[in-house]
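Have a look at the structure below, then the notes.
Both backbone and side-chain heavy atoms feed into the values below; hydrogens, waters and symmetry mates do not. This structure is a prediction, so every number in the text was calculated from the model and none was measured.
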There are 2 protein chains.
Amino acid sequence: MAPQINGSVVKAFEILHLFSPERPVITAADLARELDLNGVTAHRFLRTLEQVGALVAESRGHYRLSFLFADLGDRVRDAQMLARLAQPLLNGLTDRLGEGSMATSFNGAKVTCIAKAQPRRALAVDVRVGVELEAWCTAHGKLWLAHLGETELDRYLAGHARQRFTAATVTDEQRLRQEIAVIRKQGFALNRGEREEGLFALAVPVRSRSGRMVTGLSIFGPSGRLGGAQAEILGALRQATAELEAGLYGPPAPIQV
Amino acid sequence: MAPQINGSVVKAFEILHLFSPERPVITAADLARELDLNGVTAHRFLRTLEQVGALVAESRGHYRLSFLFADLGDRVRDAQMLARLAQPLLNGLTDRLGEGSMATSFNGAKVTCIAKAQPRRALAVDVRVGVELEAWCTAHGKLWLAHLGETELDRYLAGHARQRFTAATVTDEQRLRQEIAVIRKQGFALNRGEREEGLFALAVPVRSRSGRMVTGLSIFGPSGRLGGAQAEILGALRQATAELEAGLYGPPAPIQV
DNA sequence: TATTGTAATTTCAAATATAGCAATAGATGC
DNA sequence: GCATCTATTGCTATATTTGAAATTACAATA
């Protein structure tokens with residue numbers, strides 16, 4: 001016998017998943033239709049979710065998500081889960097590949113290192129947890145930019161000056177936009193000495209179940225060593241990504257109803 | 001008869017509320033004890049919440065919140081609820097007091113205007129939605145700083161240069177820290193022409209049910225007009241705050257079990 | 001302002017899913 | 001390797017949820 005799971009709780013979460021930016025408000029009738037519930041049952045679930053503070057009634061029968069979830073979300077982030085789960089994976093990557101690795105967060109302007117691993121031998125750059133990096137000229141940063149919506153990207157590019165650091169630095173808006181388009185297509189970002197002479201990096205996104213970028217993982221090191229091994233690095237990063245996503249969200253496929 | 005609410009859903013949310021930064025992991029035994037559930041029932045709820053993706057099993061029997069909540073939280077934020085709910089309240093404040101008003105968000109470095117209202121007559125400053133303001137020399141910014149933890153505050157003060165804008169600008173770290181302590185105690189922040197000559201502002205925090213600052217509301221205008229009416233302004237802001245909190249989280253007191 | 005259609009809400013009996021006991025399997029520590 | 005503790009499963013009584021029908025509230029229209 002499959003383990004007894006509580007159907008009411010499952011339904012409650014199915015309801016929560018119906019909400020989206022395009023669909024901020026839901027009524028009992030919507031529910032009844034889309035989840036195939038009786039109208040009365042649908043109504044009662046909405047009332048229940050309202051009373052526990054998960055939903056707010058905007059007007060009679062019209063419910064939207066409560067800000068409670070922003071709180072719960074912050075609670076999850078505050079627990080430093082990302083950094084804690086990423087750390088062993090970064091250690092593994094660095095051990096295996098012999099290069100530096102790191103994970104980042106993004107606040108809309110700059111990228112912040114939230115975890116890192118470094119090989120035993122000395123490294124050109126000394127990245128530390130908490131360090132902030134420009135978004136427009138780093139692998140992580142460009143990856144985050146590639147995951148912004150068009151309006152946010154426009155605002156970022158308009159609002160942040162770009163100076164030349166090395167011969168490889170890309171300051172031209174059009175070229176940057178082109179590269180971001182490429183990153184969106186190929187699913188990873190490169191830095192070919194654009195910020196520090198001779199420093200190469202490859203970064204991949206870690207996504208939520210709904211496709212949002214949650215963090216990035218990268219390998220970085222002298223371009224001489226990293227230039228050739230792109231496929232191997234990418235493979236290792238993808239595997240670490242999958243493990244991290246599983247650690248954050250649990251096993252991938254919620255199959256049964 | 002009280003409306004029929006689904007007990008299982010209520011229990012599920014009680015479980016979710018047990019998690020906190022200090023308590024990131026919970027076991028069935030914890031649950032059974034604290035919510036007075038049968039051990040088997042507690043276990044089944046944890047399994048259910050795991051299967052819907054709300055919890056992740058770290059090891060056998062040890063559960064923590066899934067990053068799913070970070071996603072749901074982002075969904076709430078993306079819906080622009082804060083700005084949408086704040087707008088009519090700001091309009092009301094500005095109509096009533098005849099001064100500018102605004103609401104802000106904070107990314108750890110700068111404060112961003114997310115909604116604003118301006119009186120009919122021309123105003124010294126032209127604040128626009130999306131505008132970024134320094135944190136250390138504005139009412140909103142200091143309010144946000146006052147709500148940071150000690151380590152974040154230290155990092156902010158260490159990482160952000162402070163220049164003199166007017167005679168009233170406070171650049172000294174000790175004086176700034178003292179003022180932040182005052183703000184923490186009194187629950188509101190002032191700007192006495194520290195950023196723009198003659199521009200006065202009073203800002204109050206809007207908090208989540210768990211006490212976290214979610215946004216700030218302020219009244220701003222020429223210091224001549226605003227200097228004397230502090231009590232009235234504070235009262236109006238507090239009332240708007242209460243309304244906004246109710247709109248975000250629903251009615252205040254979840255009394256019954 | 002009255003009217004009418006639509007959707008939310010309540011009532012109550014039937015059905016079903018859940019709770020808890022008792023037993024087993026699986027870890028963990030000594 | 002054994003003992004102990006905790007997680008997990010099977011099974012049934014029962015408390016909870018469900019849904020049809022009836023009622024009430026709302027909103028749009030005349």
Side-chain angles (χ1 to χ4, degrees), chain A residues 1-19 23-66 247 250-251 254-257, chain B residues 1-16 18-19 23-66 88 247 250-251 254-257:
Chain A
M1 179 193 272
Q4 285 180 307
I5 52 170
N6 188 309
S8 297
V9 176
V10 173
K11 269 180 221 145
F13 275 84
E14 283 174 354
I15 292 171
L16 294 179
H17 282 301
L18 286 183
F19 290 89
R23 197 117 177 292
V25 171
I26 283 184
T27 72
D30 295 337
L31 261 194
R33 186 163 13 83
E34 302 192 30
L35 294 185
D36 196 31
L37 295 177
N38 181 288
V40 178
T41 304
H43 167 250
R44 281 198 280 242
F45 267 94
L46 290 174
R47 291 289 298 253
T48 299
L49 287 169
E50 180 190 18
Q51 117 108 28
V52 299
L55 301 181
V56 177
E58 206 157 55
S59 59
R60 191 186 160 82
H62 293 245
Y63 293 86
R64 58 177 165 74
L65 287 178
S66 156
I255 311 154
Q256 48 281 58
V257 182
Chain B
M1 178 192 274
Q4 289 178 305
I5 52 169
N6 188 308
S8 297
V9 176
V10 173
K11 269 182 221 144
F13 275 84
E14 283 174 355
I15 293 171
L16 294 179
L18 286 182
F19 290 90
R23 195 115 177 293
V25 171
I26 283 184
T27 71
D30 294 338
L31 262 193
R33 186 164 11 84
E34 302 193 29
L35 295 185
D36 195 30
L37 296 178
N38 179 289
V40 178
T41 303
H43 168 249
R44 283 199 275 242
F45 266 94
L46 289 174
R47 291 289 297 251
T48 299
L49 287 168
E50 181 189 17
Q51 116 108 29
V52 300
L55 299 182
V56 177
E58 207 157 52
S59 59
R60 192 185 159 82
H62 293 246
Y63 293 86
R64 59 177 164 73
L65 287 179
S66 156
I255 311 152
Q256 49 281 58
V257 184

**Request:** Work out which heavy atom in Gly250(B) is nearest to a heavy atom in Val56(A); give both atom names and the distance.
**Result:** N-CG2, 3.6 Å
**Item:** Within-4.5 Å side-chain heavy-atom neighbours: Arg23(A) and Leu18(A)
**Value:** yes
**Asked** His62(A) has an atom NE2; how far is it from atom P of dA25(D), in whole Å?
**Response** 18 Å
**Item:** Length of the line joining Glu50(B):CD and dA7(D):P, which is rounded to integer Å
**Value:** 13 Å
**Message:** Would the distance check show the side chain of Ser8(A) and the main-chain N or O of Ser8(B) forming a donor-acceptor pair, the cut-off being under 3.5 Å?
**Reply:** no
**Asked** Along nucleotides 17-23 of chain D, 5' to 3', which nucleotides get a B, which get an S, and which get a -, given that the test is a protein heavy-atom distance under 4.0 Å?
**Response** BBBBB--
**Request:** Quickly work out the Arg60(A) CZ to dT10(C) C1' distance and round it to whole Å.
**Result:** 12 Å
**Fill in**
Taking every heavy atom of His17(A) against every heavy atom of Val52(B), the minimum-distance pair comes out as NE2-O, 4.4 Å
**Prompt:** Expressed in angstrom and rounded to an integer, what is the separation of Leu35(B) atom CG from dG20(C) atom P?
**Reply:** 13 Å
**Message:** Roughly what angle, to 10°, lies between the helix axis at the start of the helix from dT1(C)-dA30(D) to dC30(C)-dG1(D) and the one at its end, five pairs per end?
**Reply:** 60°
**Asked** Rounded to whole angstroms, how far apart are CD on Glu58(A) and P on dA8(C)?
**Response** 14 Å
**Message:** Would you say that His43(A) contacts Arg47(A) through its side chain, given a criterion of any heavy-atom pair below 4.5 Å between the two side chains?
**Reply:** yes
**Item:** Nearest heavy atoms of Ile5(B) and Thr48(A), plus distance in Å
**Value:** CA-OG1, 3.4 Å
**Asked** If every non-hydrogen atom of Ala57(A) is compared with every non-hydrogen atom of Tyr63(A), which pair is closest and at what distance?
**Response** CB-CE2, 3.7 Å
**Item:** pair Leu55(B)-Phe19(B): side-chain heavy atoms closer than 4.5 Å
**Value:** yes
**Prompt:** Closer than 4.0 Å, any side-chain N/O of His43(B) to the OP1 or OP2 of dT8(D)?
**Reply:** yes
**Asked** To the nearest Å, how far apart are Arg47(B) CZ and dA7(D) P?
**Response** 12 Å
**Message:** Which heavy atom of Ala42(A) sits nearest to which heavy atom of Ala28(A), and what is that distance?
**Reply:** CB-O, 3.6 Å
**Request:** Hey, which sits more toward the 5' end of DNA chain C by its nearest nucleotide, Ser59(B) or Gly39(A)?
**Result:** Gly39(A)
